[in-house]
Amino acid sequence: MEKANISGYQLFVLIFLFEMGSALLVPLAGEAKQAAWLVILIAMVGGFLLFFIYYGLFQYYPDQLLTEFVRSILGNFLGRIVAFLYILYFIYLAARVLRDFGDTLLTFAYPHIPLFVANAAFILVVVYTVRKGVEVLTRTGELFFVLENLLLMTFFLLIVASGMIHLNNLKPVIEMSGTEMVKMAFTKTIFFPFGEIISFLMIFPYLNEPKRLKKIGISSIAAAGIFLAIIMAMNIAVLGVDLTTRSQYPLLSLIQSIEVAGFLERLDVYFLFLLMIGGFIKISVFTYVAVTGTANVFNVKQPSRLAYPVGFVILLSSIIIASNFTEHMHEGLGAVPIYFHLPFQVIIPLLLLIIAFFKNRKKKKGQHQNKFQGGVDQK
Amino acid sequence: MNRKRLVLLLMMLIAATFTTGCWDKTELNEMAIVSAVGLDRNKEGRLVGTFQIINPGNVAGALQGGGGSNPPISIYRATGDNVLELDSIASTKISRDMYFAHANLVVIGEELAKEEGLTNIFDAFERSPEFRATTRVVIARGVKAKDIVETLTAIDKVSAEKVIRTIETTEKTQGKSISINLQEVIKNLLSTGKEPIISGFTVRGNKGKEDKMENTMSSDIEANPNAAGIGVFKDGKLIDWLDGDKAIGSMWVLDRIENVHLYLDWEGEKNAVTYSVIRQKTNIGAKMVNGKPKISIKVRAEGDIREANVPLNLTDMHVLIDIERKLAKDLKKEMEDAIVRAQKNKSDIFGFGELMHESHPREWKKLEKNWDDDTFPKLEVDVQVETFIRRTGLRNKPYLSNLKKDEQ
Amino acid sequence: MASFFKQKRQVKQREKKKEDESQSQSKTPDYIESSLSANLEIVKKKTGKSPDIIIRTLKIGINPEIKTTILYVQGLIDNPSVTDFIIESIMKNPHLSKNILPLEAMEIISEDVVSLGGVERVTDWEKLFLTLLSGDTIIFIDGVNVALVASTRGGEKRSIQEPSTHLTVRGSREGFTESNGTNIAMLRRIINTPDLWIESMKIGTVTKTDVSIMYINGIVKEGIVEEVKKRLNRINIDSILESGYIEQLIEDQVMTPFPTLNHTERPDMVAGNLLEGRVAIFVNGTPFVLIAPALFVQFFQSVEDYYNRFDIASATRFLRIIVFVISIVGPAVYVAATTFHQEMIPTKLLVIVAAQRETVPLPAVVEALLMEMTFEILREASLRMPKAVGSTMSIVGALVIGQAAVQAGIVSPAMVIIVSITAIASFATPSYAIAISARIVRFGFIICAGMLGFYGMILAFIILIVHLCSLRSLGVPYMTPLAPLNPKGLGDTFFRRPIWAFKERPQFLTNENNLIREGDNQRPLPPESRGMKTSDGKKGEGNES
């Protein structure tokens, strides 16, 4: 663990940007058509549930990183293995987001740049940030939070000003049944982006007011969920269901259809800005988490030394995880939720929580103590 | 140690940026800015593309007051089977890269629109990140698309600009054209409950000279492109043209009217009173009555009297109410005619089907299949019009009424 | 390699130091001797017989037995006080006319004769030289091993003038001078509280420059003064010639183009900063006073913001931020837009720019870099050259760049416009220190934009933001109050809240026990008016009737 202190607001901002990250750009829950926004909101509620699992774990071990308390719960050997798997998972997620980002960039603006170069330039910036530590990352997040909101705000205004919102496009609201929607929300949308909050278990211990964590977590997930739902609703209201689901990046199409005062047209740069801010925060968080995790598991004294190698691994894996964008998306929607997200975001944390519960109850009984303090055994 | 890392990082950054140097970079003087694309069909059924390219020097020169003797645009042609093939074939004739992000106009030849339809040509436009979603689409009516793209015009140096502006002003002041962009066209093509309509454009006057500079030299331009009606599509193919009242009526139903004038016959005098619409709103509702869909249209228009060439006492409330009623009646007829025409064409250009889908999704599933051919032509449409006269201009009575008195 | 050299150098230095020490030990003893001639000998040896050190032997009164010598440095002393109050009084004082012993003479001189503010006795050479070289007058009396030091500091100094940087329309016209005493006095005149504390030290093994730390006790945050002192005490350097030396020796991070300490020539600015809990560092010999800790937003503030009304001040602040952004990204946006993202330029504008670029042989990046370089050359040249040539310079610059280059088709007029706007923008930033950093960063942005368009620019932007967030000034994060966010502190950043609403001092700078700076209800209330404004309902009714 590094010596750092982050405030509640900073954590809120970081979670918000993290959630918005790449989810802002893709047609999130696009299969639900007009009800996409509703599915996002349902998934958000699911996100709350997941958050409560993580919060429960955090309550047992408020001073320990994910990689540390795994060892406290499962014992040193097994714990190390699970922690290592988590590190790989985070690296994989970072690589996925990086790939998303690179492919988007290449698709809409820079068709001739090799993917490797685009990703390399970006990961260098990320590594630079990660080396500065979590405090700098959160402070950067604060500034970007303002910037992103400003961008989105002007963007709303432009959309409204160009008079393109046809609320009729959102009708009929409920064409699919409730169970279908819930199924979609809980098999896909909940994992991306809401479940990815698991990585914050590596950041929660730095919070300087742990008592407020529940409020902060819920409010930031809610804020991000509502924002995403609004954006998706707006996509559909402007572009219509068909175009939204056919677009790789509905937000880009939305921005491209803005036409105000015969002057403000083709604001692709807006999209680029949103893309890069979101991508930057998300990849940085994953990379940071992977770096500190590795340092923690392998007892490396200076975690910043690991930033370059981990960054390099992320870069390479972002290139080799798929041969083309379609394959990449296919994996993202098909295999990844079941084989990666489900175990790492739900099953393992849930098991850990159950074990932690029994372990701590035993201890509590033994020591006749009131609260969870018994669980906090410093390493 | 730390500094060494920093240097390393910097070197890597520099290396990364320098090696990327040449990708995706185009200097302005290495590109040909395409301002309009014309698509035609030749006799063998192949696609003929006409690309209008801006000569920046000549346009800007003209803007600054000088220049003007050289044409502001150049035309390149190519024949091929799909849009990208046209692009690459045309490129063999140009020293620069064709750049499409400023192609604000796509002109489609009437023949192409009628025989082959639009469905096969738009994918490239939509897929490419270079093309704008807001590119305007028009149909060349009675002429080839190339004729419109080639024509040199006077005030707007680039004729693509002129075409777009003309359509916009015609839509605004007359309601006889519709300014519609690529994205909307594609959206309507795909929708089962709505068919696209696209403005027509033609070149009138001395043909054969339109691509010479002489054309713009005279004050009375010999070959002038102008707006000509609205084209109606069905299943992606052009099937009919709406002109005059039919076009205006359709635009009323579509709620795209802005500042049009309505002309009213009065006491035998044709078009004696001019009513200028200031503000209007069309609301369309869809209902199911006895298992049958029914559309009701409510129009509310506010405006001023602008011209009265008959002795009319405009200070009299009753006269105004009479005029309002008559206006409403005329307007209603105009709209009903337009709807009947659309029903005859079996082309739901108003999006009544979409409306049904939005308000009655369950019933729509049954109706969707036979909508265009069966339900829509027989659809019951109820039109209600309300008009209001708010002001009558600077004078109350027309001078004609005093003139008449003197004669007596 | 580097460390090897360093070691060697250190060894050398150590040897030298030893030599110095041995020399001084062999030649000058620590304490003053009683023999006048021996003392004078030592002084001459030590100062290398420099002619500006005046040694004047006097007769005390009418008694020729006791030999007296006064020593002073020409130019550093206040002439009238030496001639009138020392030389004349010693020579003509009636108390000295009696037959007295040298020791008594010393007593009399120090108590009765020298009618000056400060007279001190000195016994060791080190202190003696220090005072002599700061402008005091030394009186030796033969036979006494104590010297008298009369404070006669003076000499030619620049008078207080209007500062040449941080100009304002409204506000004090005083600027700091090169003399520390004057500067500190100016502050004393503004802040009349005994809590204005000053601590002095001499830094520089050779120059022994006066450095003073000033702060307001009770307002300054605990620990900050100690931190400043710790950093100042750490300094071991031969000379401090300007406050820039101190700045570079105590800043938190070295590898950054941004200034992490602020400096100013204006006493009112220092006063304002002290009242917010900052520390000022005065360095003798320069009118530039350092202020620490410095925050990023501070460089966009001008003292005048507080003198103008808040709406106007806020508008200007906002303008400055925009100007700063323009001065960083101006040419880069042009390059990125014209070489990578032509789609975002409106068609008509694109056509005009394209027409201008038709004849330009250089790529846009090179053109931009070239023009920026030319501008920097012009700027640097006009700063350093004699004023008489200045106008010639500007004519040549304007003609060469503005006219000839454009007409020859080497650069496009659009580029000239962009570069000029950027240049003007960089001069509109109130702080010169941050304007310079903007200029350096600008080149980085141009290169990034030339390589990768807006992608490169945004990457550069992210690095810039991360870098700014990683900076600290005396431990305070540089981007406070923006990041970490301090909602109360935001009232003095991009906009300035009205003075009557400035209830508290900035929390992140000031001692937490002393935050309140004004009473409640400071909002000025006009007398009860007869119009709509009457807050009390009953009175309003009364007015109507």
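Model, not experiment: these values are computed from the prediction. In what follows, every chain begins at residue 1, and chains take the letters A, B, ... in the order their sequences are listed.
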Regarding [X] and [Y], does a basic nitrogen lie under 4.0 Å from an acidic carboxylate oxygen?
X: A/R139; Y: A/E142; result: no
X: C/E276; Y: C/R278; result: yes
X: C/R439; Y: C/E372; result: no

Please classify the contact of A/S7 with chain C as side chain, backbone, both or neither, using a heavy-atom distance under 4.5 Å.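 For A/S7, neither part sits under 4.5 Å from chain C.
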
Under 4.5 Å from any heavy atom of chain C - which part of A/L105: side chain

Exam field: side chain C/Q301 to backbone C/D492, donor-acceptor pair closer than 3.5 Å: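 Checked: pair present.
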
Which label fits A/Y9 and A/F145: parallel for a plane angle under 30°, tilted from 30 to 60°, or perpendicular past 60°?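 Judged by the thresholds at 30° and 60°, the geometry between A/Y9 and A/F145 is perpendicular.
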
Assess the pair A/F18 and A/F200: is the distance between their ring centroids shorter than 6.0 Å? yes

Any residue of residues 271-284 of chain A which, by heavy atoms, sits under 4.5 Å from chain C: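 Within residues 271-284 of chain A, the residues that come under 4.5 Å of chain C (heavy atoms only) are A/L272, A/F273, A/M276, A/F280.
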
Just to verify, what does C/R320 make a salt bridge (charged side-chain N to carboxylate O under 4.0 Å, His left out) with, not counting sequence neighbours?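 Here the qualifying residues are C/D305.
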
Top contributor to chain A interface from C/L471, C/L468, C/I458 [non-hydrogen pairs under 4.5 Å]: C/I458

